[in-house]
Amino acid sequence: MATSAAPAAVDALLAILRAARALAEVRVIDGPPGVNFTELDRIYVGFAPGAEQSVDITQDFASAGARTRDEDAAIACYAETRRGDDDMQLRRTRVFELLAVVEDALRGTDAAPEAPTLNGTVLWSGLTAGSLVQEQGSDGALAGLSFTVAYRARI
């Protein structure tokens with residue numbers, strides 16, 4: 001028996017985002033950045049700048065008898081976009097477009113009915129929080145959006 005749904009949930013979230021056609025030109029990264037990627041649009045799963053945890057997990061017994069537990073968790077994620085120009089409005093708009101694609105990818109559709117359950121690894125999931133960061137630097141405008149994908153699982 002698994003002690004947590006987190007490993008399978010993170011793997012499923014990565015698979016869902018990598019399969020999303022609207023993210024074909026976006027690099028979807030597992031965990032924190034290891035190198036300086038050249039892609040201008042990126043989504044990190046299991047990482048957000050300043051986040052203390054990749055996944056924050058709480059569990060409690062689901063009922064008397066201690067046979068199953070409910071797990072609530074929040075997966076830290078981060079979307080970032082840059083182009084080398086100084087147009088902050090375009091960067092801000094683009095990073096929220098990326099978030100919209102993530103949200104759409106987590107909704108159940110005829111083509112992906114198991115998306116809200118992270119392909120059957122959890123009972124439900126969805127976006128629950130976000131925080132926008134904007135920077136102007138020598139490399140131009142950057143917009144980053146830390147967001148959380150929360151889920152509930154029965155283990």
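Here the structure is a predicted model, which means the values were calculated and not measured.
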Salt bridge (Lys or Arg N to Asp or Glu O under 4.0 Å) involving [X] - partner list, sequence neighbours excluded:
{"X": "Arg94", "result": "Asp41, Glu97"}
{"X": "Glu71", "result": "none"}
{"X": "Arg92", "result": "none"}
{"X": "Arg107", "result": "Glu103, Asp104"}

Just so I know, are the side chains of [X] and [Y] near enough to count as touching, which here means a heavy-atom distance under 4.5 Å?
{"X": "Ile43", "Y": "Phe147", "answer": "yes"}
{"X": "Leu106", "Y": "Leu13", "answer": "yes"}
{"X": "Asp70", "Y": "Asp60", "answer": "no"}
{"X": "Val102", "Y": "Cys77", "answer": "no"}
{"X": "Arg18", "Y": "Val45", "answer": "no"}
{"X": "Arg69", "Y": "Thr3", "answer": "yes"}

Is [Y] reachable from [X] through a run of I, L, V, M, F, W or Y residues, each pair having side-chain heavy atoms under 4.5 Å apart?
{"X": "Tyr151", "Y": "Ile155", "result": "no"}
{"X": "Leu145", "Y": "Leu14", "result": "yes"}
{"X": "Ile29", "Y": "Val95", "result": "no"}
{"X": "Val55", "Y": "Phe47", "result": "no"}
{"X": "Leu127", "Y": "Leu23", "result": "yes"}

For [X] and [Y], work out which heavy atoms get closest and say how close.
{"X": "Val122", "Y": "Ser125", "value": "CG2-CB, 4.4 Å"}
{"X": "Ala20", "Y": "Ala105", "value": "CB-CB, 4.5 Å"}
{"X": "Tyr78", "Y": "Ala48", "value": "CB-CA, 3.9 Å"}
{"X": "Ala74", "Y": "Thr148", "value": "CB-CG2, 3.3 Å"}
{"X": "Arg82", "Y": "Arg91", "value": "CA-CD, 3.6 Å"}
{"X": "Thr121", "Y": "Ala5", "value": "O-CB, 3.9 Å"}

Quiz item: Who pairs with Leu123 by side-chain contact (heavy atoms from CB on, under 4.5 Å), at least two apart in sequence or on another chain?
Solution: Arg152, Arg154
Practice problem: With sequence neighbours left out, write down each residue that passes side-chain contact (heavy atoms from CB on, under 4.5 Å) with Thr109, or none if nothing qualifies. | Solution: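 With sequence neighbours excluded, Thr109 shows a side-chain contact (heavy atoms from CB on, under 4.5 Å) to Ala111, Ala112, given in chain and number order.
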In Å and rounded to the nearest 0.5 Å, what is the [atom1] to [atom2] distance from [X] to [Y]?
{"X": "Leu98", "Y": "Thr93", "atom1": "CG", "atom2": "OG1", "result": "11.0 Å"}
{"X": "Asp85", "Y": "Asp139", "atom1": "CG", "atom2": "CG", "result": "11.5 Å"}
{"X": "Asp56", "Y": "Asp72", "atom1": "CG", "atom2": "CG", "result": "10.5 Å"}
{"X": "Glu80", "Y": "Arg42", "atom1": "CD", "atom2": "CZ", "result": "4.5 Å"}
{"X": "Leu118", "Y": "Ile75", "atom1": "CG", "atom2": "CD1", "result": "6.0 Å"}
{"X": "Thr68", "Y": "Gln59", "atom1": "OG1", "atom2": "CD", "result": "11.0 Å"}

Quiz item: If only atom types and distance count, is the side chain of Gln136 paired as donor or acceptor with the main-chain N or O of Asp86 below 3.5 Å?
Solution: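 The answer is yes, because a donor-acceptor pair under 3.5 Å joins these two groups.
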